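Reading through the C-alpha cells given below for one structure.
Values below: all heavy atoms of this structure, side chains included; hydrogens, waters and symmetry mates excluded. Model, not experiment: these values are computed from the prediction. Heads up: numbering here begins at 1 and tracks the sequence.
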Amino acid sequence: MSVLMTEHLSTPLPVFHDRDCDLSIIRGKRVAVIGYGSQGRTHALNLRDSGVADIVVGLKAASATRAKALADGFPVLTAGEAAATADVVAVMVSDEAHRDLWRDELASAMKPGTALVFAHGLSVRFGLVEPRPDLDVILASPKGIGPRIRDLYVEGQGVFALFGVHQDASGGAHALGLSYAAALGCGRKGILETTFAAECESDLFGEQVVLCGGAAELVDAAFMKLVDAGYPPEVAWFECFYELKLVTDLMFERGVAGAFTRISNTAEYGAYLTGTRIIGEPSRAAMDTVLAEVRDGSFVKRLMADHDAGSPDLLARRKALAGRRIEVVGAHLNRVAAKAAD
C-alpha cells in the first residue's frame with residue numbers, strides 16, 4: 001500500500017495496487033452480477049478474465065440484455081435466484097432501481113455472510129438500501145464508463161477505482177473488496193480507499209456542476225451567444241463544442257497548467273482574463289446550493305419522486321435537450337464528415 005501525497009492534501013488517501021491485493025480471494029467466490037448494462041457487463045467480463053470462474057448474471061425475465069449475457073457465456077437467472085447462492089452480489093443496475101430490487105428480491109434472498117458490492121454509494125448513503133447487519137457492504141467504483149474500462153483492461157491497462165467498506169460483518173470485507181477491485185483491472189492504476197458518503201456526494205456534485213450539467217450548459221450558452229450575435233452556426237459549433245475535446249484531452253494528459261503550455265499565447269492569456277469572469281461569485285454560490293442539495297438528500301428525493309411517477313420530468317428534459325440547435329448543427333456536420341469518408 002502507498003499513500004497519495006501532495007503538499008496540499010492534509011489527509012492523504014491510502015492507495016493500493018496489484019501487489020497489495022490477493023486475487024485468490026475473489027477467485028474462490030461465486031459472484032452474482034445483477035444487471036448487464038454498461039457497468040455490469042464490464043464487471044462480469046473483467047472478473048472472468050481475471051480468473052473468477054463462477055459468475056452468474058441476475059436479470060429480469062424480459063431484460064433486453066439477457067441475450068447479450070447468454071452470448072457472452074454467462075448463466076442467467078432472476079436477481080433473487082442469482083443472489084441466493086452467491087458469495088458476492090454486485091449490484092450494477094441503475095441507482096433509482098436499487099430500492100425496489102433490494103426490497104423485492106435481494107434482501108430476503110442473500111445468505112448471511114454474503115458481500116454486497118456497489119459501484120456507486122448513492123443507495124446506501126441515502127437509505128434506498130439498508131443492508132442487513134450480517135452482510136459485508138463494499139464500494140468498488142471504477143472511474144470510467146463501462147466500455148472504456150473494458151477496453152483498457154483488454155489492453156493490459158486499468159482505471160483508478162474508489163474503494164470503501166461500509167459494513168464488515170465477516171471481518172474480511174477489506175481484503176475481499178481489494179481483491180474484487182483488482183480483478184476489474186484497477187490495481188494496475190490505483191485503488192484509493194474512501195467512504196460511501198465521500199464517493200457519492202462528490203460524484204453527484206461533479207456530475208451536476210462540471211461533467212454533465214455545467215459543461216453542457218456552458219457549451220450551449222456560448223454557442224447560442226455566437227449564433228444570436230450573427231456568427232455562422234457551423235463556426236460556433238467548432239469553436240464552442242468540437243474543440244472542447246481537444247483541450248480536455250490535453251488537460252487529462254498534462255494537467256491544466258501543462259495543457260496551457262501547449263496552446264497559443266492568445267488562448268492562454270484570454271483564459272486568465274476571462275475564466276474567473278464566467279465562473280465568478282454567482283457560480284460559486286450556485287455550487288454551494290448544489291452541494292447542499294446533494295448532502296441533505298434533496299436531489300435524491302427529487303430523483304426518486306420523478307422515477308416513481310414514471311420519469312416525466314427526466315423524459316421531458318431529455319427530449320428538449322435533443323431539440324436544441326447545437327444538436328441539429330452537430331448532426332449536420334457529422335453527416336458531412338460521414339459523406340467525406342464514403
Side-chain angles (χ1 to χ4, degrees), residues 26 30-50 52 55-83 86 88-106 109-110 115-126 128-129 138-154 158-163 180-181 183-186 196 199-200 203-204 206-207 211-212 300 303-304 306-308 310-311 314-315 317-318 321-322:
I26 192 64
R30 178 177 174 84
V31 179
V33 177
I34 311 301
Y36 206 68
S38 172
Q39 287 288 335
R41 183 170 189 262
T42 291
H43 281 233
L45 291 173
N46 287 13
L47 288 169
R48 182 170 67 186
D49 288 352
S50 291
V52 182
I55 301 172
V56 61
V57 172
L59 295 172
K60 295 179 180 178
S63 173
T65 59
R66 184 182 186 88
K68 182 178 290 186
L70 290 170
D72 286 338
F74 295 109
V76 178
L77 303 172
T78 67
E81 291 168 343
V88 176
V89 176
V91 179
M92 297 294 136
V93 299
S94 61
D95 292 323
E96 61 271 27
H98 287 198
R99 179 196 60 194
D100 295 350
L101 174 68
W102 173 253
R103 180 193 63 211
D104 298 339
E105 298 191 64
L106 299 185
M110 292 174 62
L116 188 58
V117 176
F118 296 92
H120 184 32
L122 185 148
S123 56
V124 171
R125 164 65 181 86
F126 292 106
L128 302 181
V129 171
I138 297 166
L139 173 73
S141 179
K143 294 293 97 181
I145 298 170
R148 183 57 179 156
I149 297 169
R150 176 62 182 165
D151 290 344
L152 288 170
Y153 178 96
V154 171
V159 300
F160 284 114
L162 294 179
F163 152 74
Y180 184 99
L184 298 180
C186 299
F196 272 63
E199 182 276 335
C200 170
D203 182 82
L204 294 177
E207 288 173 345
L211 306 178
C212 303
V300 172
L303 171 74
M304 294 306 297
D306 188 55
H307 169 72
D308 290 340
S311 302
L314 173 65
L315 295 175
R317 292 172 186 270
R318 184 181 293 167
L321 178 63

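Here the CG-CZ distance, from D95 to F126, works out to 10.5 Å after rounding to the nearest 0.5 Å. Within the model, atoms OG of S123 and CZ of F118 stand 4.5 Å from one another, a figure rounded to the nearest 0.5 Å. Within the model, atoms SG of C186 and CG of L162 stand 9.5 Å from one another, a figure rounded to the nearest 0.5 Å. Separation of atoms OH (Y180) and CG (L139) is listed at 11.0 Å; rounding is to 0.5 Å. With values rounded to the nearest 0.5 angstrom, R148 atom CZ is found 13.0 Å from S38 atom OG. Here R125 contributes atom CZ and H120 contributes atom NE2; the two are 11.0 Å apart, rounded to the nearest 0.5 Å.
Surrounding NZ of K143 are more than 12 heavy atoms belonging to other residues, nucleotides or ligands, all under 6.0 Å away. Counted within 6.0 Å of CD1 on I145, heavy atoms from surrounding residues, nucleotides or ligands total 12 or fewer; the atom is thus considered open.
Judged by distance alone, with hydrogens and angles left aside, the side-chain atoms of T78 form a donor-acceptor pair with the main-chain N or O of E81 at under 3.5 Å. At least one donor-acceptor pair under 3.5 Å links the side chain of Y153 to the backbone N or O of S50. A donor-acceptor pair under 3.5 Å is absent between the side-chain atoms of Q39 and the main chain of M92, judged by distance alone.
For the pair A82 and I34, the tightest heavy-atom approach, listed with the atom from each and the gap, is CB-CD1, 4.2 Å. The two residues G144 and I149 have their closest heavy-atom pair at O-CD1, 3.2 Å. Of all heavy-atom pairs between A183 and I26, the closest is CB-CG2, 4.0 Å. In this structure, G35 and V93 approach most closely via the heavy-atom pair CA-CG1, 3.8 Å. Heavy-atom minimum distance, E199 versus S141: OE2-OG, 3.6 Å. Taking all atoms of both residues into account, the shortest heavy-atom contact from T42 to G146 is OG1-O, 2.7 Å.
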- [ ] I would like to know whether L128 and L122 meet side chain to side chain contact (heavy atoms under 4.5 Å, CB included); could you show each step before the answer?
- [x] CA-CA 8 Å; L128 302 181; L122 185 148; 3.6 Å; yes
- [ ] Please lay out, stage by stage, how L116 and W102 fare under the test side chain to side chain contact (heavy atoms under 4.5 Å, CB included).
- [x] CA-CA 11 Å; L116 188 58; W102 173 253; 3.7 Å; yes
Open item on the list: Let's go through D308 and R99 carefully: what are the C-alpha distance in whole Å and the side-chain angles of both, what is the deciding distance for salt bridge (charged side-chain N to carboxylate O under 4.0 Å, His left out) to 0.1 Å, and is it a yes or a no?
Closed with: CA-CA 11 Å; D308 290 340; R99 179 196 60 194; 2.6 Å; yes
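Residues L47 and L184 form a side-chain contact, since some pair of their non-hydrogen atoms from C-beta on lies under 4.5 Å apart. Two residues are said to be in side-chain contact when any heavy atoms from C-beta on lie closer than 4.5 Å; V57 and T65 fail this criterion. For the pair I138 and F163, the minimum side-chain heavy-atom distance is below 4.5 Å.
Remark: R66 pairs with no residue by the salt bridge (charged side-chain N to carboxylate O under 4.0 Å, His left out) rule, at least two apart or across chains.
A salt bridge is absent between D306 and R317: the closest approach of a Lys/Arg side-chain nitrogen to an acidic carboxylate oxygen does not fall below 4.0 angstrom.
Note on residues 38-50: pairs passing salt bridge (charged side-chain N to carboxylate O under 4.0 Å, His left out), not counting sequence neighbours, are R41-D72, D49-R150.
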